[in-house]
2 protein chains.
Amino acid sequence: MHDSDDLKKIFPSFSDELINEIETNAIHQSYKAGEVIMRTGQYINNTLLVTKGQIKIYREGENGGEFFMYYLQPGQACAVSMICATQSQTSQIMAKVVVDVELIMIPLSLMEKWMMKFRSWYEFVLFTYRTRFEEVLEVVDSIAFRAMDERLEFYLKRHAEACGCKDLKLSHQEIATELNTSREVISRLLKKMEQRGLLRLHRNQIELLT
Amino acid sequence: MHDSDDLKKIFPSFSDELINEIETNAIHQSYKAGEVIMRTGQYINNTLLVTKGQIKIYREGENGGEFFMYYLQPGQACAVSMICATQSQTSQIMAKVVVDVELIMIPLSLMEKWMMKFRSWYEFVLFTYRTRFEEVLEVVDSIAFRAMDERLEFYLKRHAEACGCKDLKLSHQEIATELNTSREVISRLLKKMEQRGLLRLHRNQIELLT
DNA sequence: TATAAACAGTAACATTTATCACATTGTGCA
DNA sequence: TGCACAATGTGATAAATGTTACTGTTTATA
């Protein structure tokens with residue numbers, strides 16, 4: 001499914017020995033768009049490395065809410081799975097595939113061994129922790145300090161960054177769910193943004209102009 | 001300031017060798033209530049271990065907001081300082097002393113060395129990451145899914161746990177600031193809670209009855 | 001003790017967000 | 001083509017939260 005060159009491209013910071021270890025030990029897995037990879041409360045025994053596709057990470061509310069936290073992209077690892085894996089804890093988040101995904105599963109035991117053995121793995125793990133922690137703190141900012149209009153802009157910006165394009169394939173209902181508000185509110189705010197010239201609205205698609 | 005026995009009591013999971021290393025290498029520091037230990041944007045070169053007192057961790061907003069995130073207690077370490085320290089990054093949070101604090105500062109270089117050398121340190125670091133990450137996720141829940149009345153209850157509950165008592169020395173203004181709302185809103189909600197028999201209001205003090 | 005400052009209560013009103021009801025439009029497919 | 005359905009637009013209204021203004025009380029301290 002992957003050869004060393006591929007892996008080296010996706011995880012450029014990994015040392016050659018580490019790449020070799022991954023090659024020989026890892027389990028490959030793929031998922032289709034729409035699938036839920038991980039559910040809240042599920043036990044985690046592996047660390048996940050994404051090699052292809054896109055995953056969205058959500059925090060689930062008691063009443064079925066699905067609050068969007070962040071994207072997982074190729075070359076990234078699931079911080080929650082790393083933290084939990086080291087102690088066989090349950091997942092605090094839900095992960096849903098957006099674009100068909102291929103990933104590598106690293107068993108708990110290896111994850112720990114590598115921390116001691118490979119400097120580049122150690123640094124990757126800490127980098128993952130740090131960037132995710134910071135991203136979650138930014139999410140806290142957006143809900144703690146900002147009103148829905150700014151939160152919506154923040155949301156759209158992050159989605160544009162993730163897909164690397166200006167045309168977002170999102171319905172108003174989808175956005176509303178992921179921001180834990182109602183469709184009408186999103187429709188109205190989007191309409192205002194369109195009037196301000198920030199974007200153009202189409203069916204199932206938002207074209208950013210900025 | 002500390003002898004090994006003290007440290008062993010505060011950090012019971014640490015191995016004897018690790019305690020020794022801390023004894024010989026660490027820098028001790030103390031701060032008075034009200035002091036700000038760490039500011040947003042400040043560079044971090046040390047990992048902080050709390051041995052005494054209480055610290056509150058905030059996320060700062062652009063307009064001077066101080067959103068309460070979590071408490072740091074004796075026996076705990078600042079997760080942000082650990083993550084940042086390993087890469088000499090700046091702090092994403094602000095730390096304010098609530099009860100006179102004594103803490104141990106571990107230089108960056110040692111922090112890394114110990115990860116490889118002491119199993120109990122490695123586990124402590126990962127445990128710290130995990131529990132803080134989870135705590136921040138709970139904070140996200142409270143603001144993403146809940147209205148101000150429930151957020152206030154969550155806030156009061158956490159403060160009661162931190163001080164281990166039912167009498168919270170907090171002004172309405174203080175609470176309002178830390179939840180990023182206005183004093184009037186907090187006064188109203190507290191009054192309602194008093195009417196529901198959940199607490200009794202006094203000047204600068206809230207007596208929980210549940 | 002006199003005075004200022006911090007704290008708390010509350011009413012009136014503005015704004016934002018949530019909810020309900022229903023109309024309109026685009027798309028896929030029988 | 002035309003039906004069914006999802007997506008979107010919009011007005012009316014309710015509820016929550018934010019703002020302003022003013023009150024009285026307690027505390028600190030000059």
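Worth knowing before you read on, the calculation uses all heavy atoms, side chains too, and leaves out hydrogens, waters and symmetry mates. In what follows, chains are A, B, ... by sequence order, proteins preceding strands, each numbered from 1.
Put simply, CD1 on A:Ile186 is 10 Å from P on C:dT17, counting in whole angstrom units. Rounding to whole angstrom units, CG of residue B:Leu179 and P of D:dA16 are separated by 18 Å. One interatomic measurement links the two molecules: NZ of A:Lys192 to P of D:dG9, which rounds to 14 Å at whole-angstrom precision. Rounded to an integer number of Å, the gap from A:Leu190 CG to C:dT17 P is 14 Å.
Residue pairs meeting the salt bridge (Lys or Arg N to Asp or Glu O under 4.0 Å) criterion with at least one member in residues 73-82 of chain A, sequence neighbours excluded, do not occur. Note on residues 67-84 of chain A: no pairs pass salt bridge (Lys or Arg N to Asp or Glu O under 4.0 Å), not counting sequence neighbours. The ring pair (Phe, Tyr, Trp, His ring centres under 6.0 Å) contacts involving residues 174-207 of chain A comprise nothing, where partners must be two or more places apart or lie in separate chains. Under the salt bridge (Lys or Arg N to Asp or Glu O under 4.0 Å) criterion, the residue pairs touching residues 200-210 of chain A are A:Arg200-A:Glu207, with sequence neighbours excluded. Listed by first then second residue, pairs satisfying salt bridge (Lys or Arg N to Asp or Glu O under 4.0 Å) with a partner in residues 158-177 of chain B read B:Glu135-B:Arg158, not counting sequence neighbours.
A side-chain contact (heavy atoms from CB on, under 4.5 Å) with B:Ser81 is found for exactly one of B:Ile44, B:Leu108, B:Asn46, namely B:Ile44.
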List the atom pairs, donor and acceptor, that lie under 3.5 Å between side-chain atoms in residues 146-155 of chain A and the rest of the protein, sequence neighbours left out.
{"from": "A:Arg151", "atom 1": "NH2", "to": "A:Leu179", "atom 2": "O", "distance (Å)": "3.1"}
{"from": "A:Tyr155", "atom 1": "OH", "to": "A:His159", "atom 2": "NE2", "distance (Å)": "3.4"}
{"from": "A:Tyr155", "atom 1": "OH", "to": "A:Glu178", "atom 2": "OE1", "distance (Å)": "2.6"}

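Residues that satisfy the side-chain contact (heavy atoms from CB on, under 4.5 Å) test with B:Cys163, not counting sequence neighbours, are B:Cys165, B:Leu168. Checked against side-chain contact (heavy atoms from CB on, under 4.5 Å), B:Gln54 has the following partners two or more places apart in sequence or in another chain: B:Tyr71, B:Gln73, B:Val98, B:Val99, B:Ala162. With sequence neighbours excluded, the residues that form a ring pair (Phe, Tyr, Trp, His ring centres under 6.0 Å) with B:Phe124 are B:Phe11, B:Phe14, B:Trp121.
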Q.
I'd like to compare against my own output: the B/S/- annotation of nucleotides 7-15 of chain C with a strict under-4.0 Å heavy-atom distance to protein.
A. BBBB-B---
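Contacts between residues 139-158 of chain B and DNA chain D, defined by a heavy-atom separation below 4.0 Å, involve B:Ala147, B:Met148, listed by number.
B:Ser182 has no side-chain polar atom (N or O) that falls below the 4.0 Å cut-off from OP1 or OP2 of D:dT17.
With respect to the salt-bridge test (charged N to carboxylate O, under 4.0 angstrom), the residues A:Glu66 and A:Arg59 do not qualify.
Across its full length, the helix from C:dT1-D:dA30 to C:dA30-D:dT1 shows an angle of 30° between the axes of its 5 terminal pairs at either end, rounded to 10 degrees.
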